[in-house]
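Before I ask anything, let me first share the structure, which is written out below as C-alpha cells.
The basis for the numbers below is simple: all heavy atoms, side chains too, and nothing from hydrogens, waters or symmetry mates. Remember, it's a predicted structure, so these values are computed and weren't measured experimentally.
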Amino acid sequence: MSSEDLRPPTAKHWQGCTDVHDFLDQIRLRPDMWLSGGSLHDLQTMLIGYQVAVGVHSIDEDCDFWHGGAFSQWLGTRLGGSSPLGWAADIERDTPRGSTPVEEFFRLLDAYRSQASHAPAQATATTRLPGIEYMTNTFVTLFWRKRLLTQATERLEDCGFHVICLEAGRWSTERDMHRAMAAALDFPDYYGHNLDALNDCLGDVACYGGYDDAPEGAGLVLVLTDYDRFATACPRAAQVVLDIIADQARQAGSCTSPPSDLPGPEQRPGDPVRPRRSHARHVEQR
C-alpha cells in the first residue's frame, strides 16, 4: 500500500468516498452506525451490493468481494479452507477471543491489501482493449451523476476515442435531435431528418468511419447530456434513437474491410474506398 493508504482515515459523508476502500474506511471509523449489531454478514451484503452497482454503471474499480472472488480465495488460503456461506462466515468462525468479526475483517483486509500491492500486476481485458469496461454489458450507459460521466469521458479520451458531446436537454422536438445529430456528425446534405435516415447514416459511420475528416482513433463516443428531458418531450423517438445507436455499435464491432476494388455506400466508381472501422462504438447518456 502507498503512504497515502496508510494515513489515518477521517470521517466524511459517504457521497464523498472515491472507491470501495475509502467507503470501508468510513465503516471502520463508525462500525456501530453502519452495521446493526456488528453483523459481518450485513457488511458482506453491502459490499456485494456495491460491486453490483459498479458493474451496472460500468465503472472500472478494483472491487472483488463476491463469494469465491479474489478476497474470498485469499482468505480461504490464509484460513485453510472456506465455507459455502461466504467469507463473513469464515471470519466469524475464526475470530479469536478478545476481538470481534468486524475488527478481524479489517485486520485481514489490511493484510490482503498489503499483499496485493506487492503482487505483480496482471494484464486484464481493459488493458488489451481500451474502454472495454464501458462496453461489457451494453453500448448505451446511463449516468446519474455528472462527475462519473465526466470521469468516464476523460478516460475514453485518454484511450484515444473521439468524443462528441450533444446537449440533448435542448431538444424539444424530434427535428431538433436530427439537426443536432446531423451537424455534430457532419451528415451529408441529403440526410432525411427521420429515424430511418439516422439509422442509415449511423450505419455508415459505424462501418466506414465518420463523414468528416477527423482521425478515427480508438472509436467514436457520443455523450448525450440531460437525455431524460428529450425522453419526456419525445418518448418514442428517444427510445428508438438509443436502439439505433446500440444496434449500430454492435454492427461496428463486426464490420470488416470491404474488398479494395469495390466502392462502398455513397461512393462512385473510382473514388477511394474508406476502410471500415472494426472498433466498437460506445454511447454515454445522462
Legend entry - From CZ (R147) to OG1 (T18), nearest 0.5 Å: 8.5 Å
Inset, instruction - State, to 0.1 Å, how close I91 and T95 come at their nearest heavy-atom pair, and which atoms those are. - result: O-OG1, 2.6 Å
Inset, instruction - Take L222 and L185 through the test side chain to side chain contact (heavy atoms under 4.5 Å, CB included) and record every step on the way to the result. - result: CA-CA 10 Å; L222 296 180; L185 296 171; 4.0 Å; yes
Inset, instruction - Go through the steps for F23 and I27 under the test side chain to side chain contact (heavy atoms under 4.5 Å, CB included), then give the verdict. - result: CA-CA 7 Å; F23 175 59; I27 299 177; 3.8 Å; yes
Inset, instruction - Report the relative orientation of the aromatic rings in W87 and F105; use parallel for angles under 30°, tilted for 30 to 60°, perpendicular for over 60°. - result: parallel
Inset, instruction - Return yes if some donor-acceptor pair links the side-chain N/O of Q239 with the main-chain N/O of R236 below 3.5 Å, else return no. - result: no
Legend entry - Over 12 non-hydrogen atoms of neighbours within 6.0 angstrom of CZ in R170: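 Count not over threshold, so no.
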Inset, instruction - Flag the pair L24 / L47 as yes when at least one side-chain heavy-atom distance between them is below 4.5 Å, and no otherwise. - result: yes
Legend entry - Pair W34, Q26: side-chain N/O donor-acceptor within cut-off below 3.5 Å: no
Legend entry - Where D19 and Y50 come nearest, the two heavy atoms and their spacing: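 Smallest heavy-atom distance, with atoms named: C-OH, 3.3 Å.
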Legend entry - Sidechain-backbone polar pair: N194 side chain, A197 backbone, donor-acceptor under 3.5 Å: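 Yes, because the side chain of N194 sits within donor-acceptor range (under 3.5 Å) of the backbone of A197.
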Legend entry - Side chain to side chain, Y227 and V241, heavy atoms closer than 4.5 Å: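 The answer is yes; the side chains approach within 4.5 Å.
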Inset, instruction - Output, in order, the C-alpha distance, side-chain angles, deciding distance and verdict of side chain to side chain contact (heavy atoms under 4.5 Å, CB included) for H41 and E92. - result: CA-CA 9 Å; H41 287 278; E92 287 182 342; 3.1 Å; yes
Inset, instruction - Go through the steps for D90 and R93 under the test salt bridge (Lys or Arg N to Asp or Glu O under 4.0 Å), then give the verdict. - result: CA-CA 5 Å; D90 296 337; R93 183 193 62 221; 3.4 Å; yes
Legend entry - From I164 atom CD1 to M181 atom CE, the distance as rounded to the nearest 0.5 Å: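 The distance works out to 9.5 Å.
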Legend entry - Nearest heavy atoms of F65 and Q51, plus distance in Å: N-OE1, 2.8 Å
Legend entry - Closest contact, heavy atoms only, L242 versus V140: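 Shortest heavy-atom contact: O-CG2, 3.9 Å.
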Inset, instruction - Test L40 against Q44 for side chain to side chain contact (heavy atoms under 4.5 Å, CB included), laying out the working first. - result: CA-CA 6 Å; L40 194 58; Q44 177 177 268; 5.9 Å; no
Inset, instruction - List for me each residue that meets ring pair (Phe, Tyr, Trp, His ring centres under 6.0 Å) alongside F106, sequence neighbours excluded, and say none if there are none. - result: none
Inset, instruction - Quick one: list whatever passes ring pair (Phe, Tyr, Trp, His ring centres under 6.0 Å) with H193, sequence neighbours left out. - result: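 With sequence neighbours excluded, H193 shows a ring pair (Phe, Tyr, Trp, His ring centres under 6.0 Å) to Y191, given in chain and number order.
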Legend entry - For S172, side chain to side chain donor-acceptor pair (under 3.5 Å) partners two or more places apart: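 Side chain to side chain donor-acceptor pair (under 3.5 Å) list for S172, sorted by chain: D176.
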Inset, instruction - Work out which heavy atom in F230 is nearest to a heavy atom in M177; give both atom names and the distance. - result: CZ-CB, 3.8 Å
Inset, instruction - Determine yes or no for a side-chain-to-main-chain donor-acceptor pair under 3.5 angstrom, with S114 supplying the side chain and D110 the backbone. - result: no
Legend entry - Closest non-hydrogen atom pair between H178 and L195, with its separation: CE1-N, 3.6 Å
Inset, instruction - Output yes when D94 and R78 qualify as a salt bridge under the 4.0 Å nitrogen-oxygen rule, no when they do not. - result: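 Between R78 and D94 there is no salt bridge, as every charged N stays at least 4.0 Å from the carboxylate O atoms.
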